[in-house]
Every structure is written in C-alpha cells, then in structure tokens.
Amino acid sequence: AQKITQTQPGMFVQEKEAVTLDCTYDTSDQSYGLFWYKQPSSGEMIFLIYQGSYDEQNATEGRYSLNFQKARKSANLVISASQLGDSAMYFCAMREVGRYGNKLVFGAGTILRVKS
Amino acid sequence: NAGVTQTPKFQVLKTGQSMTLQCAQDMNHNSMYWYRQDPGMGLRLIYYSASEGTTDKGEVPNGYNVSRLNKREFSLRLESAAPSQTSVYFCASSELPGGASNQPQHFGDGTRLSIL
C-alpha cells in the first residue's frame with residue numbers, strides 16, 4: 001500500500017519569505033503522480049500543483065514549486081514570497097492505481113500560518 | 001460554472017438514522033469520489049466510481065453505500081448512522097476514466113455531518 005507522510009503538523013513563516021512544506025511518499029510503482037492541495041479555513045480544496053514521476057523538471061505554478069527528489073521519495077512544496085492569504089492547511093497526495101481506476105491517497109496535512 | 005455541488009452543507013442526525021448525501025458535477029467528468037475528513041487524518045477515500053456503472057471501495061467503506069445514478073451524480077448513503085461517522089464529507093470528480101495522470105480532482109465544498 002502507498003503512504004504519504006507530512007511530518008510538519010504546523011509551520012509559521014514571515015510574510016514575504018519562502019517556506020518549504022515537506023512530503024515523503026512510499027510506493028513500489030514506477031509510474032505515479034503527486035499533487036498538492038490547499039484548504040483555507042473556509043474549507044474548500046484547491047488544487048495547487050502536480051508532479052509526475054517521469055517528469056524531467058520540477059513543477060512550477062506561479063509562486064508554487066515542487067522540489068521533487070525521486071531517489072529520496074520526497075516531493076516538497078515551496079511557496080515563495082508568502083502572503084497572508086497563504087495561511088491554510090496544505091495536503092500532499094499521491095495517485096494510486098485502484099481496481100477500476102486511479103484514486104488519491106492523502107497525507108495528514110500541514111497547517112501554515114503566515115505572520116505579518 | 002458550478003463544478004461539484006454537494007447537498008446538504010450541514011446535517012445533524014441521531015444515532016441509527018439514515019441519510020443520503022448528494023453530489024452532482026457539471027464538468028462531464030467520468031470519475032467521482034467520496035472522502036471523509038477527520039482532524040489529524042487528512043482525507044480518506046470511502047468509495048469511488050471510475051465511470052458510470054462501476055463503484056469500488058476505498059480505505060474506509062464500512063457503514064456506507066454509494067450509487068452512481070448517472071454520469072453527473074454520485075450519492076453516499078449512511079444506512080444506520082453512528083457517532084464515529086461524524087465528519088466532513090467531500091465529493092470530488094476528475095476528467096478521464098480513473099483520472100488522467102495529471103488531471104486533478106475537483107472538490108465540492110463539503111458536508112459537515114454530526115451524529116448524536
């Protein structure tokens with residue numbers, strides 16, 4: 001079974017600084033995908049970024065980038081120039097192959113608080 | 001564009017009562033999912049439907065049943081509610097059968113369910 005580990009229950013970062021949220025995964029599959037989602041206090045789940053196991057380069061989406069280290073099985077999310085609106089829960093998730101199709105396995109999440 | 005719509009948003013039940021949570025998507029997605037979110041545990045998959053006519057168990061299916069009514073709608077039923085089922089329930093959908101490799105799941109706003 002695949003597993004996602006997010007070791008930081010909570011993080012603080014100063015506004016305008018960069019922050020890294022850790023995610024390690026465990027899989028024996030060669031082909032897999034990793035997703036990051038943001039959940040603000042309002043509760044909705046917002047897709048941020050995706051990294052495929054065969055992607056040559058680290059994924060980037062605006063201020064979000066993914067530090068993908070395949071040999072170490074880590075897929076850390078880097079948020080540059082933090083903003084107050086980045087305060088939220090962040091989930092790392094991995095695509096897992098089910099009997100009839102793909103599904104996601106989520107980590108427990110990291111709460112990020114941005115200080116002004 | 002409504003995306004994924006869940007009803008109701010809030011519900012309080014007594015132990016032993018039954019209830020159906022409704023989910024509909026208007027993005028012509030093939031795959032739909034039901035998750036529950038509990039504090040400190042991230043999102044856990046209850047059931048999913050990779051395409052019309054198929055459903056499969058996820059990580060925590062006990063006490064739940066699902067129906068893929070048509071391509072748009074995927075309902076979750078609690079036959080005899082228990083306090084352990086108090087949680088926030090999310091429905092999600094993705095585009096291709098099982099979700100293509102880089103296609104994110106799109107989430108509804110959640111249903112907050114309390115069982116007394």
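In what follows, every chain begins at residue 1, and chains take the letters A, B, ... in the order their sequences are listed.
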Can you tell me if [atom1] on [X] sees more than 12 non-hydrogen neighbours from other groups inside 6.0 Å?
X: Lys16(A); atom1: NZ; result: no
X: Arg112(B); atom1: CZ; result: no
X: Lys9(B); atom1: NZ; result: no
X: Lys57(B); atom1: NZ; result: no

**OP:** Looking only at non-hydrogen atoms, find the nearest pair between Phe91(A) and Gly42(B) and report the distance.
**Re:**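 That would be CE2-CA, 3.5 Å.
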With a 4.5 Å cut-off on side-chain heavy atoms, are [Y] and [X] touching?
X: Phe90(B); Y: Gln39(A); value: yes
X: Phe107(B); Y: Ile46(A); value: no
X: Gln37(B); Y: Phe106(A); value: no

Subject >> Euclidean distance, Ser49(B) OG relative to Lys103(A) NZ, rounded to 0.5 Å >> reply: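 Rounded to the nearest 0.5 Å, the NZ-OG separation comes out at 13.0 Å.
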**OP:** Measure the CZ-CD distance between Phe35(A) and Gln105(B) for me, rounded to the nearest 0.5 Å.
**Re:**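 Reported to 0.5 Å precision, the distance equals 7.5 Å.
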**OP:** Go through the atoms of Leu43(B) and report whether side chain, backbone, both or neither lie under 4.5 Å from a heavy atom of chain A.
**Re:**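 For Leu43(B), backbone and side chain are both near chain A.
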**OP:** Below 4.5 Å from any heavy atom of chain A, which atoms of Thr55(B) appear? Answer side chain, backbone, both or neither.
**Re:**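 Only the backbone of Thr55(B) comes within 4.5 Å of chain A.
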**OP:** Give the cluster check for Val88(B) versus Leu104(A): same hydrophobic cluster or not, with ILVMFWY residues linked at side-chain heavy-atom distances below 4.5 Å.
**Re:**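 Hydrophobic grouping puts Val88(B) with Leu104(A).
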Original post:
Are Leu77(A) and Val13(A) linked, directly or through other ILVMFWY residues, by side chains that come within less than 4.5 angstrom of each other?
Top reply: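 Same cluster.
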